[in-house]
Each structure stands twice: as structure tokens, then as C-alpha cells.
Amino acid sequence: MMKSVSLIKLIQPWQISRGVLLVLLLVLVIMGAVPGYWTGNWPWAKLPPVTNLQKIKAIRKTGIELSDWQTVKQQTIRIGGHKWSLQFIEQDQQKPVWLFLLPQNGPKSQPQVEWEDISGFMRQRLGQWKTDSYRHIKFVVNGSDVEGKTQADPTITTHPKSHPKTVVNARFFRAWNQRQTFAIVQWYAWPEGGNPAPSRWFWADQLAQLHRKRVPWVAVNIQIPIEPLGDIENSRPIAESLSKMVQTALMSDPFAEEASSIQSMKDQQSKIKAQG
């Protein structure tokens, strides 16, 4: 009896020590994986390629085309160590809208502090730069809105029937200095959605990597001139309309192949579930 009691006393500390060891190992794994997101040094195997990466990167030099909007000027500028496209676009002879686009630069690049970089750039360019009235914009891009380019002839456009409905959430706020006031919309665009939070893209990309796919992204910052310290709600209709046009333009060309690939992956998953 005494031997069995002693044996139990010996086993219990071992079980506790083993549990502590497992917890410590889990913490080490997390500590090793999370910094990899911020540094780009991913701890796992070689990343799958990003479909259409070269076409996405070309946005820095060409910008994007938007129907009913005229590009007055487009240039590549450096902000926060990255090369952005800055387009000045106008409609009906109104004040030009500033359209900033930062395309993904490589398979390891990920959204991080782009909105802070934009604020720093505007503060440097215009001096004083204050923001307030933060809220959100939500819009939907239907499959029928998206045009795809055929591989045989890139000048021919098609409307892919299988393209999913895409819901995008964007940040909407006011920014100003002594000379100018803007209504600003910001989000990270990807083939099947968009959100101003980098973490939303991160988890979408992690899910895609389980199937050896990737989720490409483009940071979008739209600055709409408004009356001095005006109410940004008066600019909500044009902000929503223009934001939807930008997302649609990205999905129609640089994101087109990746969106089709992701949709095919989801269709296969649905078939497997149905068979099960």
C-alpha cells in the first residue's frame, strides 16, 4: 500500500511537469510564427506563388482605368519605403480625387502600416493633417459587374458566371489642414473581399495556403475633396460608388485569374461536402 502511494506521488509531479512543458512548447511555436507575419520570414515551407503578381505590381506604373472618370495625372511615388501609384482623377470638372494604390510587391509582402504611412506622407506634403469622424462603408460587387480578360485575346472581355458576390468593408473618415478637407476611404482589396484591417487579409491568406493558393492584395486610399470641415456623409454616395468601381476594376483584371482559382477551390470543397 505504501509503495502504491509513493508511486502516485512520483507520477503526479511528472504529469504536471509534462503539462507545463507542452504549454511552453506551444508558446514558443506561437512566438515563432507571429513575428514571421510582421517580418515576412515565414517559418513554414516555401510559399505558393501569387497568381498574376507581375500584373498586380504593374499598377504602380500604370494605375487603373475607371469608367466615367478621367485620369488627369498618374505617377509612382515613394511612401514609407514602398512604391505607390498616385492618380488624380476627375469627373464633371470637379476637383480631382486622389487615388493611392499600393500593390503587393512579392510573395512575402503583407499589409502592415500603410494607413500610418499615408498620414505621414500627407502631413509632410501639406503640413498640418488632422483626422476625425471615423466610420465605415460597406459595398457589394456582384459577379455581373466584373469583366474578365480572355487568355486568347486580352482585348476581349467576358462576364464570368462563376464569379462570387464580393462584400467589402472600408474605413471612412475626414481629414483636413488649413487649406483642404477630404473624405477618405481606405481598405485592403483582394479577389474575394476587402477590409481596412491587415489581420482580415492575413487569415484569408492562411486559409488559402492550406490549399497551396495565395490571396493577393492592393492597398487602396481614396481622398475626395469636400468643402472646408464639411460633413462627410454628404460625400458617402460618391465615396461608395467610386470605391465599388475601384474594387471592380481590380477584380476584372489583375485579380481575375486568382479569383477564378479560389472559386474553383470552394466549388471542389462544396462537392466533397455534398458527397460526404
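Since the structure is predicted, the reported quantities are computational estimates derived from the model, not experimental observations.
N195 places no side-chain N or O within 3.5 Å of a backbone atom of R200 that could act as its donor or acceptor partner. N52 places a side-chain N or O within donor-acceptor distance of the main-chain N or O of P254, the cut-off being under 3.5 Å. Between the side chain of T181 and the backbone N or O of I226, no donor-acceptor pair lies under 3.5 Å.
Applying the ring-ring contact (aromatic ring centres under 6.0 Å, His included) rule to pairs touching residues 61-94 yields F88-W98, sequence neighbours excluded. For residues 221-234, the side chain to side chain donor-acceptor pair (under 3.5 Å) pairs, not counting sequence neighbours, are R135-E233, Q186-N221, N221-Q223, E233-R236.
Once rounded to the nearest 0.5 Å, the distance linking OG1 of T51 with CZ of R214 reads 10.0 Å. Taking CG of L126 as the reference point, atom CG of N177 lies at 5.0 Å (rounded to 0.5 Å). Considering CD1 of I64 and OG of S252, their distance stands at 10.0 Å, rounded to 0.5 Å. From S235, atom OG reaches atom CD1 of I222 across 12.5 Å, with rounding to the nearest 0.5 Å. The NZ atom of K61 sits 7.5 Å away from the NZ atom of K83 when rounded to the nearest 0.5 Å. Here the CD-OG1 distance, from E65 to T71, works out to 7.5 Å after rounding to the nearest 0.5 Å.
Partners of D132 under the salt bridge (Lys or Arg N to Asp or Glu O under 4.0 Å) rule, at least two apart in sequence or in another chain, are R174. For S85, the side-chain hydrogen bond (donor to acceptor under 3.5 Å, both in side chains) partners are Q74, not counting sequence neighbours. With sequence neighbours left out, K244 forms a salt bridge (Lys or Arg N to Asp or Glu O under 4.0 Å) with D145. Judged as a side chain to side chain contact (heavy atoms under 4.5 Å, CB included), and not counting sequence neighbours, the contacts of R123 are S119, W129. Listed by chain and number, the residues in a side chain to side chain contact (heavy atoms under 4.5 Å, CB included) with K95 are P225 (sequence neighbours excluded). The side-chain hydrogen bond (donor to acceptor under 3.5 Å, both in side chains) search around S133 returns none, not counting sequence neighbours. Looking at residues two or more places apart in sequence or on another chain, you find no side-chain hydrogen bond (donor to acceptor under 3.5 Å, both in side chains) involving D92. Scored by the side-chain hydrogen bond (donor to acceptor under 3.5 Å, both in side chains) test, Q247 finds W187 as partners (sequence neighbours excluded). In this structure E90 satisfies the salt bridge (Lys or Arg N to Asp or Glu O under 4.0 Å) test with no other residue, sequence neighbours excluded. Scored by the salt bridge (Lys or Arg N to Asp or Glu O under 4.0 Å) test, R171 finds no partners at all (sequence neighbours excluded).
Within a 6.0 Å sphere centred on CD of Q124, heavy atoms belonging to other residues, nucleotides or ligands number 12 at most. A 6.0 Å sphere centred on CD of Q178 holds no more than 12 heavy atoms belonging to other residues, nucleotides or ligands.
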key: Working for side chain to side chain contact (heavy atoms under 4.5 Å, CB included), residues Q75 and K73   = CA-CA 7 Å; Q75 59 186 348; K73 182 180 180 181; 3.7 Å; yes

inquiry  = Using the rule given for side chain to side chain contact (heavy atoms under 4.5 Å, CB included), can you reason through R60 versus N105, listing the C-alpha separation, both sets of side-chain angles and the distance that settles it, and then say yes or no?
reply    = CA-CA 10 Å; R60 292 182 301 199; N105 190 50; 2.8 Å; yes

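Taking both residues in full, the closest heavy atoms of T166 and M251 are given as OG1-CE, 3.1 Å, listed atom of the first, atom of the second, then distance. Of all heavy-atom pairs between Q104 and G106, the closest is NE2-O, 3.0 Å. Annotation for M245 and S67: closest pair CE-O, 2.7 Å, computed over non-hydrogen atoms. F172 and A239 get closest at one heavy-atom pair: CE1-CB, 3.9 Å. In this structure, A170 and V185 approach most closely via the heavy-atom pair CB-CG1, 3.6 Å. Heavy atoms only, all atoms of each residue included: W115 and A219 are closest at CH2-CB, 4.1 Å.
Side chains of S109 and W217 form a contact here, defined as non-hydrogen atoms less than 4.5 Å apart. Counting only heavy atoms from C-beta outward, the side chains of Q91 and V97 never approach each other to under 4.5 Å. Put simply, the side chain of L99 does not reach to within 4.5 Å of the side chain of L242, judged on heavy atoms. Between W190 and L250 there is no side-chain heavy-atom pair separated by less than 4.5 Å. With a 4.5 Å cut-off on side-chain heavy atoms, L101 and V220 count as touching. A 4.5 Å side-chain heavy-atom check between Q110 and F202 finds every atom pair outside the cut-off.
Transitive grouping of hydrophobic side chains (ILVMFWY, heavy atoms separated by less than 4.5 Å) keeps I184 and W176 in distinct clusters. Cluster membership check: Y134 shares its hydrophobic cluster with M122, using side-chain heavy-atom separations under 4.5 Å among Ile, Leu, Val, Met, Phe, Trp and Tyr. No single ILVMFWY cluster, assembled from side-chain heavy atoms under 4.5 Å apart, contains both V140 and I137. Cluster membership for W203 and Y188, using ILVMFWY side-chain heavy atoms within less than 4.5 angstrom, is shared.
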